[in-house]
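See below for the structure under consideration.
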Amino acid sequence: MPVIRSSNSQPEWMTWSNFGFGEITDAGTFDLHFHDADEYWIILSGRARVVSENVEYTVGPQDILCTQMGEEHDILEILESPLRVFWFEDELRGLKRPGHLHRPAQQPLPSSSDS
């Protein structure tokens, strides 16, 4: 089995589209987003309140947050800092767009004076 030292050095047979380690101390540095891949966060230390697929969870060491492709997720609050995670995104599917994707802002409904 090869050793992977960065996301650019993965073996050709590996289907992950992205991965990394993170240390989060401020939930405000995150945003509600989704991916064109399933994503998994393995919690190594710390605790946080998160949202995935419109459900809030409290996660801590040895938990794995699993988010399906196209579903939004975010870190809402750090409960025990720092939150250390290993995360990976599976193979890109659908439109195959890499990175954090965001839904368009909700368009305001027209008021009765607009008609």
Side-chain angles (χ1 to χ4, degrees):
M1 178 182 300
V3 173
I4 301 170
R5 301 205 190 278
S6 73
S7 59
N8 295 328
S9 69
Q10 67 192 46
E12 288 182 24
W13 50 261
M14 182 182 258
T15 61
W16 293 357
S17 60
N18 204 358
F19 65 91
F21 289 89
E23 181 173 288
I24 301 101
T25 57
D26 178 8
T29 62
F30 247 73
D31 61 351
L32 188 64
H33 66 278
F34 66 97
H35 302 278
D36 281 350
D38 300 329
E39 184 177 27
Y40 305 89
W41 298 352
I42 300 169
I43 311 304
L44 304 173
S45 65
R47 297 179 59 75
R49 200 167 51 84
V50 300
V51 63
S52 177
E53 302 177 9
N54 292 317
V55 178
E56 287 189 22
Y57 302 94
T58 299
V59 295
Q62 301 180 15
D63 288 340
I64 303 174
L65 180 70
C66 307
T67 304
Q68 291 183 31
M69 179 186 103
E71 294 289 339
E72 292 178 309
H73 51 286
D74 193 3
I75 298 173
L76 302 173
E77 177 183 13
I78 302 296
L79 302 173
E80 291 177 22
S81 184
L83 181 69
R84 291 187 175 102
V85 302
F86 169 71
W87 56 270
F88 65 95
E89 298 166 16
D90 210 348
E91 184 173 12
L92 290 173
R93 303 189 323 259
L95 297 176
K96 298 183 179 183
R97 299 166 293 181
H100 284 205
L101 304 172
H102 301 91
R103 304 242 183 268
Q106 292 290 332
Q107 296 297 321
L109 295 174
S111 67
S112 57
S113 63
D114 292 340
S115 41

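The figures here come from the full heavy-atom set of this structure, side chains too, leaving out hydrogens, waters and symmetry mates.
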*Can you tell if the side chain of E71 reaches within under 4.5 Å of the side chain of F34, non-hydrogen atoms only?*
no

*With rounding to the nearest 0.5 Å, note down the distance linking CG in L83 to CD1 in I78.*
4.5 Å

*Closest heavy-atom contact between M69 and D38?*
N-OD1, 2.8 Å

*At their closest point, which heavy atom of G46 faces which heavy atom of P61, and how far apart are they?*
O-CD, 3.2 Å

_Closest heavy-atom pair and its distance - T29, I24_ = OG1-CG2, 4.2 Å

*Any sub-3.5 Å donor-acceptor pair from E53's side-chain atoms to Q68's backbone N or O?*
yes

*List the atom of H100, the atom of D31, and the distance in Å for their closest heavy-atom pair.*
ND1-OD1, 3.6 Å

*Euclidean distance, S17 OG relative to E39 CD, rounded to 0.5 Å*: 8.5 Å

*State plainly whether one hydrophobic cluster holds both F21 and L65, where clusters connect Ile, Leu, Val, Met, Phe, Trp and Tyr through side-chain heavy atoms under 4.5 angstrom apart.*
no

*State the CE-CZ distance between M14 and F19, to the nearest 0.5 angstrom.*
6.0 Å

*Is it possible for you to say whether L76 and Y57 belong to one hydrophobic cluster, with membership spreading through side-chain heavy-atom contacts below 4.5 Å?*
no

*Please answer: with hydrophobic residues joined when any side-chain heavy atoms are less than 4.5 Å apart, are W13 and L92 in the same cluster?*
no

_Check: W41 ring centroid to F30 ring centroid under 6.0 Å_ = yes

*From T15 atom OG1 to E91 atom CD, the distance as rounded to the nearest 0.5 Å*: 5.5 Å

*Taking side chain as C-beta onward, heavy atoms only, is V50 less than 4.5 Å from H73?*
no

*Any side-chain heavy atom of D36 sitting closer than 4.5 Å to one from R93?*
no

*So how far is it from I75 CD1 to L32 CG, rounded to the nearest 0.5 Å?*
12.0 Å

*Quick one: does W16's side chain get under 4.5 Å of D90's, heavy atoms only?*
yes

*Got a second to check how far Q62's CD is from L44's CG, nearest 0.5 Å?*
9.5 Å

*Short side-chain to backbone donor-acceptor contact, N18 and E89, under 3.5 Å*: no

_Plane angle bin for H33 and H35 - parallel if under 30°, tilted between 30 and 60°, otherwise perpendicular_ = perpendicular

